[in-house]
Number of protein chains: 2
Amino acid sequence: MPVKSEHIPRATIKRLAVYVQVLENLIREGTDVISSELLAKACAVNPSQIRKDLAYFGEFGVRGLGYYVKELNTSIKSALGVDRVWRCALVGVGNLGKALLNHHEFKLRGFHIVGAFDCDPFKIGEEVSGLEVVCTRRLKEKVAELGIEVGIITTPPERAQRATGHLVEAGIKGILTFAPTRIAVPDHVFVEYVDFFHHLYALAFNLTLIEDEQ
Amino acid sequence: MPVKSEHIPRATIKRLAVYVQVLENLIREGTDVISSELLAKACAVNPSQIRKDLAYFGEFGVRGLGYYVKELNTSIKSALGVDRVWRCALVGVGNLGKALLNHHEFKLRGFHIVGAFDCDPFKIGEEVSGLEVVCTRRLKEKVAELGIEVGIITTPPERAQRATGHLVEAGIKGILTFAPTRIAVPDHVFVEYVDFFHHLYALAFNLTLIEDEQ
DNA sequence: TGGGCTATGTTAAAAATTTCACATGATTAG
DNA sequence: CTAATCATGTGAAATTTTTAACATAGCCCA
Ligand SMILES: NC(=O)c1ccc[n+]([C@@H]2O[C@H](COP(=O)([O-])OP(=O)(O)OC[C@H]3O[C@@H](n4cnc5c(N)ncnc54)[C@H](O)[C@@H]3O)[C@@H](O)[C@H]2O)c1
Ligand SMILES: NC(=O)c1ccc[n+]([C@@H]2O[C@H](COP(=O)([O-])OP(=O)(O)OC[C@H]3O[C@@H](n4cnc5c(N)ncnc54)[C@H](O)[C@@H]3O)[C@@H](O)[C@H]2O)c1
């Protein structure tokens, strides 16, 4: 999927992920065609926004009709680069790490966790979801061997920077971290933070606002 | 904490949550005072951005010096409405639900999960992390009894809308959902979506971009 | 105690993003 | 085959958000 335009807003990428989510539900429901207006309603955005977002990548609709759901879904996934398998390493096999290793949806969506790493000698060698837990020291070797491109950090926050160091050292260019702390990386490495307290804080703020109004 | 200005950008709220995260690390490290420049560096934002974000709520700094870390943290948390306890109900006591119920950080951050609900007769009555799992049918009654204001959805996606219905019916005004599907709510209800595939998609897109460039 | 320094708070400019409006082209019904 | 209809794709307008610039006010040292 060639990118038509130069810079694509970060917000557009976030929305494309939402469109995929909704489109896959529509596929399950058996909907063949959808207009930007209806899709927009389902995603809680403006219809023009959808058309503009898609225009960054090409023309996917049929004038006077709308979009073929399956086709559009495939096109967006291709644009996002998720029409392939991404091999991932998980660092920190604790409560959350184990839950993620057992979560089948990763594989379903093309993110294959092919390496599990921990620094706790008691955990090394243990098998979780069919994967042997390996010592973090061997990360670099394994990343090369398994062709890993994405790192997932599930260590405690005070260890997140160290885990990051290992991943960067191993040549990883993309990191998803669940540790509630900012991590420092070189310019060429992308980091995405998952922190649901940010969402809870946003909720609290909105709830406080409407309470104060009354 | 009185809001000085009328509308506050959503992006500002997201950043305030990041500032809190970084400030709490600084407190732990024993830093007393920080400038917007250094805080900005730690949060990977522009210094003006921080000052502008704070200006929506008041004046918290000392000219020529910077911000007292503890004081600023308290002020931001107050502005966000997280200087109090929020009572929460969790709906869907499966793998993820149990992990969250056992995650102590919720209580630490003022979000107390005081009710756990499921519709599976085999789960009802079971005890998880000191909470008895209650039938979803009794949600309304329990929400009133326990003064619950926030709902957390951890059901499978195809059940998320039903769970939403119960929560809205019970008078809940804020929902955090982990189910990878959009849910429909009345205007007065706020929803926050936690979906780390959105983050993985964003990573995949960025990684694909730089690969294509080479 | 006063002057130099420094980083805030704020106003103004710049940039980015969203929304509008409509010409265009495909579909479908007559 | 033609006309009416409809929803896309897009350029321009409006809005929002970010960044820059600077005057102001408090600290610190002489
Ligand atoms: N448990 C949850 O529900 C949950 C939810 C959201 C976020 N989180 C966050 O996820 C992270 C993990 O949480 P958890 O509950 O699984 O903690 P945990 O203590 O159960 O697991 C942490 C694991 O990381 C390993 N580890 C520590 N340092 C390491 C290093 N340098 N290299 C490799 N492995 C290392 C530990 O040995 C341990 O196995 C924390 O930052 C937490 O805040 C957890
Ligand atoms: N497991 C993970 O690591 C993980 C990670 C991210 C997101 N998720 C998402 O979180 C959700 C839950 O995942 P899970 O792995 O815990 O699934 P699960 O099947 O283990 O748990 C779902 C629970 O919801 C209950 N439930 C179903 N319908 C209900 C209803 N109407 N009212 C109340 N309870 C109901 C079920 O009885 C079950 O206990 C899913 O949407 C999943 O996609 C899971």
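Every chain is numbered from 1, with letters handed out A, B, ... down the list of sequences.
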Are [X] and [Y] ion-paired here, with the side-chain N under 4.0 Å from a carboxylate O?
X: A:Arg10; Y: A:Glu192; answer: yes
X: B:Arg51; Y: B:Glu37; answer: no
X: A:Glu24; Y: A:Arg109; answer: yes
X: B:Glu71; Y: B:Lys77; answer: no
X: B:Glu149; Y: B:Lys173; answer: no

Would you tell me if any nitrogen or oxygen in the side chain of [X] comes within less than 4.0 Å of OP1 or OP2 on [N]?
X: A:Tyr67; N: D:dG9; value: yes
X: B:Ser36; N: C:dT8; value: yes
X: B:Gln49; N: D:dT19; value: yes
X: B:Arg63; N: D:dA23; value: no
X: A:Arg15; N: C:dT18; value: yes

Specify the separation, in whole Å, of atom [atom1] of [X] and atom [atom2] of [N].
X: B:Glu37; N: C:dT8; atom1: CD; atom2: P; value: 9 Å
X: A:Lys14; N: C:dT18; atom1: NZ; atom2: C1'; value: 18 Å
X: B:Tyr56; N: C:dT11; atom1: OH; atom2: C1'; value: 13 Å
X: B:Lys41; N: C:dA7; atom1: NZ; atom2: P; value: 12 Å
X: B:Glu59; N: D:dA23; atom1: CD; atom2: P; value: 18 Å
X: A:Lys52; N: D:dT10; atom1: NZ; atom2: C1'; value: 6 Å
X: B:Leu54; N: D:dT18; atom1: CG; atom2: P; value: 14 Å
X: A:Arg10; N: C:dT18; atom1: CZ; atom2: P; value: 13 Å

### Query
What's the closest nucleotide to the A:Asn46 side chain, out of C:dA21, C:dT10, C:dC20?
C:dC20
### Query
Nearest to the side chain of B:Pro9 - D:dA12, D:dT17, C:dT17?
D:dT17
## Note on the structure
Assign each of B:Ser35 and A:Thr12 the nucleotide of DNA chain C bearing its closest heavy atom; nearer the 5' end lies the nucleotide of B:Ser35
### Query
In terms of the nearest nucleotide of DNA chain C, which residue is placed more toward the 5' end: B:Val62 or A:Leu65?
B:Val62
### Message
Should the side chain of B:Ser48 and the base of D:dA20 be counted as holding a donor-acceptor pair, with the cut-off at 3.5 Å?
### Response
yes
